[in-house]
Q: 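I have a structure here, written as structure tokens, and I will follow up with some questions on it.
Quick note: numbers below take in every heavy atom, side chains included, and nothing from hydrogens, waters or symmetry partners. Owing to the predicted nature of the structure, the values given are computational and were not obtained by experimental measurement.
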Amino acid sequence: MNKKFLNPQVLSEYIETLCAEKGHPDTLKEAMLLQVQKLRQIYGDSIPKDDFLTVMGQLQNALQTGFKKQPVDVLEFLLSSEYLNLEGTIRPKIKNCLIDIFGPYNHCYEVVMSGATRIGKTYMACCAFAYHIYKLSCLYNPQTHYKLSPGSEIVFTMQSLKEAKAKRNFSEFKGMIDDSEYFKKFFPLQGRAKNYAVFPGNIIVKPIATTNTAAMSENVYAAFIDEANFLQVIKGSAHQALDEQYYDQATVLYQTIKDRIQNQFKDMATGEWPGKLYLASSANHTDDFIQNKIRESKKSNHIYVMDYPLWEVKDTDKYSGKKFWVQMPTELDGGAVLEKKPKIMTNDIIEIPIELKDQFDADLHAAIRNVAGRPISRESKFIPSHILLQNIENYNQYYQGQQIFTVQEICLNDVMDIRSLLNLEFIKTINPFFTFHSHCDLSLSQDASGIAFGATVGAITTKKKETIDVDTQEKVEIVEASAPVYTIFGLLKITPPNKGQIDISKVEKLYLTIKEYLTNFNSFSADRAYSITLIQNLRRNGVTSQYLSVDKTTDAYIEKKNCLTENRLWIPEHEAHKKELKGLILDTEKNKIDHSKLTEKDVSDSVAGTVYVLSKRKATYKKTDKPKQLHEMRKESGEDKKKSDRPSFGARPRSMNRPRKWQRRRN
């Protein structure tokens, strides 16, 4: 079969005329003329017509799609020696995830990477960045394709908890590019910059600071936010909006970058993004940023999640097959390592290769996060939540869940009748039996105030021994040591009004009203801040008062922790107090108890101050009797006695007609 041949000069003239008539862009015309020159180098002055038409068809397709050549799929890009050449290096799970996000899940424009540490989250993001840049290199002109002004930067950003970590992530990406034959030959880095990478077409990859303004004015195509669970959460930050309780750095960064990508590159007709937003962090707490995104993915179809334990990704062929099991910790239980498989397997039980057992034996909570890749509920680093529960149960058992205050939390400025906040019947019952102390953690505007009323109610045995009674020859127990039991009879959180301050005079009025009914309230303590006038007025009303700060040393909190651990601090149910305990942190450098950025410790401080003062009284250690229950106190005070049948109202009977058992009325 005879082939038809075409002259290169005639073809060049034809292309010039065709582009002028059709109004094709100069970039396409130049590309077509360049192809003619390449064909001339191969065939000389006689170019086969079929080859020419094939090339022109490809260029015509490029005019419609924007691609000068069809990109290879991500699997070939990852494994082929012409591209990244990662055969034998990339882990199968990471490879499969990349196939997913550029294949059947390409519509997912947010990629959440969680799970254990060292499974390859950063490596996966670097591979994804490389493939995005490769696809951009296949376009004739990325700026024209995405309707950017000529010469505009197309930016890929990397952010992490610390800028140094973002730079290390960038170095890993740059090393991958430096080893790629494709990027060496066809899309090489320009310049010698070490802290950022510039590709042809003004495509830039750079690590940036974790501030909400770092990506300002950038045409962000894709972004990688690393260690998102560990970014700052600050209460009272200068970056905090007026209607926000705290500044969440991860959420702000995510929203800022997301807005920049979708406002510039999102296809409004289809809703698709050409780039993606990669969010990564190892597991930490159940209410952290990444865990919230994972929960969101169950309701949204635009979020892809990679979440694996270490043993499913790394060294998968090196495990013997033997297993052990771990019970996940909760607020009620600290978790446990189990040698035998439980009869009933639940989501709270993890099956793990036996080779990893040493790490779980050494530090269970750290191994659950770092090896199993599972978040745990936010727990106090100083007082575990579960030790509070038995003390609450004891309080409910002894005092039927009642306390001095009728509410747990109140904005005192709005209260007209202070007595409405008091459980007067309960106060009347407990008043004769104990001597009460109150500690107040006082504040004005941003923080709440905490009030606690407590007393020493008796003692419990902490050490005893068995002996034989000489007379009866029976075993008897002898108490060798006992410790006081403290009860917090009242807990109240006072919140400031919106954009206002707590009215200190109302706090003073509350205390004086309580003093009217709780007459055995005879001592008070508070931090020096804002409390000078309050202390002076309480002293005038017979309440011994002192300044006490629980922040200067750890003494008050050590006493509180010891009492809770030994079930000697009985305390009513109070939601704010339970939440505050979860956020307590022991700062060993400053030797003080602090709180996490999302919590407060106002109510907790008031409890610690109350217990600490009670523990310093000599009278506390003279109480050796068993604590009385509420019904016992009522019986002793005569509240349970049958009331007289004497009428309390109505016409007064005449003297001659009154029964003899009636006493004469006292007016």
Q: Determine whether Lys616 and Glu559 satisfy the following criterion, salt bridge (charged side-chain N to carboxylate O under 4.0 Å, His left out), listing intermediate values before the conclusion.
A: CA-CA 10 Å; Lys616 295 300 179 183; Glu559 183 68 29; over 6 Å; no
Q: Count the heavy atoms of every other residue, nucleotide or ligand shown that sit under 6.0 Å from CG of Asp625, and state whether that count exceeds 12.
A: yes
Q: Using a 3.5 Å distance criterion without hydrogens, assess whether the side chain of Asn413 forms a donor-acceptor pair with backbone atoms of Gln501.
A: yes
Q: Indicate yes or no: does Glu566 engage Lys561 in a salt bridge with an N to O separation below 4.0 Å.
A: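 So Glu566 does not pair with Lys561 through a salt bridge.
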Q: Just checking, is any N or O donor in the side chain of Tyr621 or Ser482 under 3.5 Å from an acceptor N or O on the other one?
A: no
Q: Would Val326 and Ile349 satisfy side chain to side chain contact (heavy atoms under 4.5 Å, CB included), going step by step from the backbone distance to the final call?
A: CA-CA 6 Å; Val326 165; Ile349 298 174; over 6 Å; no
Q: In a check of side-chain contact (heavy atoms from CB on, under 4.5 Å) between Ile404 and each of Asn423, Ile451, Leu518, which one passes?
A: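 Testing each of Asn423, Ile451, Leu518 against Ile404, the sole residue satisfying side-chain contact (heavy atoms from CB on, under 4.5 Å) is Leu518.
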Q: Going by the ring-ring contact (aromatic ring centres under 6.0 Å, His included) test, name the single residue among Phe426, Tyr517, Tyr511, Phe524 that passes it with Phe453.
A: Tyr511
Q: So, taking the atom named CZ in Phe489 and the one named CD1 in Ile571, what distance separates them when rounded to the nearest 0.5 Å?
A: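 Phe489 atom CZ to Ile571 atom CD1 measures 12.0 Å (nearest 0.5 Å).
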Q: Can you run down the ring-ring contact (aromatic ring centres under 6.0 Å, His included) pairs that involve residues 532-553, sequence neighbours left out, and say none if there aren't any?
A: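 Of all non-adjacent pairs touching residues 532-553, none passes ring-ring contact (aromatic ring centres under 6.0 Å, His included).
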Q: Return yes if a side-chain donor-acceptor contact under 3.5 Å exists between Ser606 and His439, otherwise no.
A: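 Looking only at side-chain atoms, His439 and Ser606 do not form any donor-acceptor pair under 3.5 Å.
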Q: Going through the checks in order, is the side chain to side chain contact (heavy atoms under 4.5 Å, CB included) test met by Leu538 and Leu512?
A: CA-CA 7 Å; Leu538 285 174; Leu512 295 177; 4.0 Å; yes
Q: Is there a side-chain hydrogen bond (donor to acceptor under 3.5 Å, both in side chains) between Ser523 and Arg617? Walk through the geometry before answering.
A: CA-CA 11 Å; Ser523 62; Arg617 290 178 173 175; 2.2 Å; yes
Q: Looking at Lys579, Lys582, Lys493, which one forms a salt bridge (charged side-chain N to carboxylate O under 4.0 Å, His left out) with Glu600?
A: Lys493
Q: Tell me every residue that passes side-chain contact (heavy atoms from CB on, under 4.5 Å) with Lys578, counting only those two or more places apart in sequence or in another chain.
A: Leu388, Ile392, Glu573, Glu575
Q: Quick check on the 6.0 Å ring-centre criterion: do Trp570 and Tyr486 meet it?
A: no
Q: Once rounded to the nearest 0.5 Å, what's the spacing between atom CD of Gln408 and atom CG of Leu492?
A: 9.5 Å
Q: Do the side chains of Glu296 and Lys293 get close enough for a salt bridge, i.e. N-O under 4.0 angstrom?
A: yes
Q: Apply the test side-chain hydrogen bond (donor to acceptor under 3.5 Å, both in side chains) to residues Gln359 and Asn370: give CA-CA distance (whole Å), side-chain angles for both, the deciding distance (0.1 Å), then the verdict.
A: CA-CA 10 Å; Gln359 297 183 56; Asn370 299 334; over 6 Å; no
Q: Less than 3.5 Å apart, any donor N or O on the side chain of Ser549 or Asp551 sitting next to an acceptor on the other?
A: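 Side-chain D/A pair, Ser549 to Asp551: absent.
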Q: Consider only side-chain N and O atoms of Gln390 and Asn567, and report whether a donor and an acceptor are under 3.5 Å apart.
A: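 No.
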Q: Any luck finding a side-chain donor-acceptor pair between Thr519 and Asn431 under 3.5 Å?
A: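 A donor-acceptor contact under 3.5 Å links the two side chains.
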Q: Measuring from Ser531:OG to Glu508:CD, what's the distance to the nearest 0.5 Å?
A: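 So the gap between those two atoms works out to 12.0 Å.
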Q: Can you check whether Arg419 reaches Glu516 side chain to side chain, under 4.5 Å on heavy atoms?
A: yes
Q: Taking only residues two or more places apart in sequence or in another chain, which ones pass side-chain contact (heavy atoms from CB on, under 4.5 Å) with Asn292?
A: Arg295
Q: Show your working on ring pair (Phe, Tyr, Trp, His ring centres under 6.0 Å) between Phe289 and Tyr254 and close with a plain yes or no.
A: CA-CA 10 Å; Phe289 175 79; Tyr254 157 78; 5.8 Å; yes
Q: Dump the intermediate steps for side chain to side chain contact (heavy atoms under 4.5 Å, CB included) on Phe324 and Lys341, then the final yes or no.
A: CA-CA 7 Å; Phe324 72 101; Lys341 184 176 182 178; over 6 Å; no
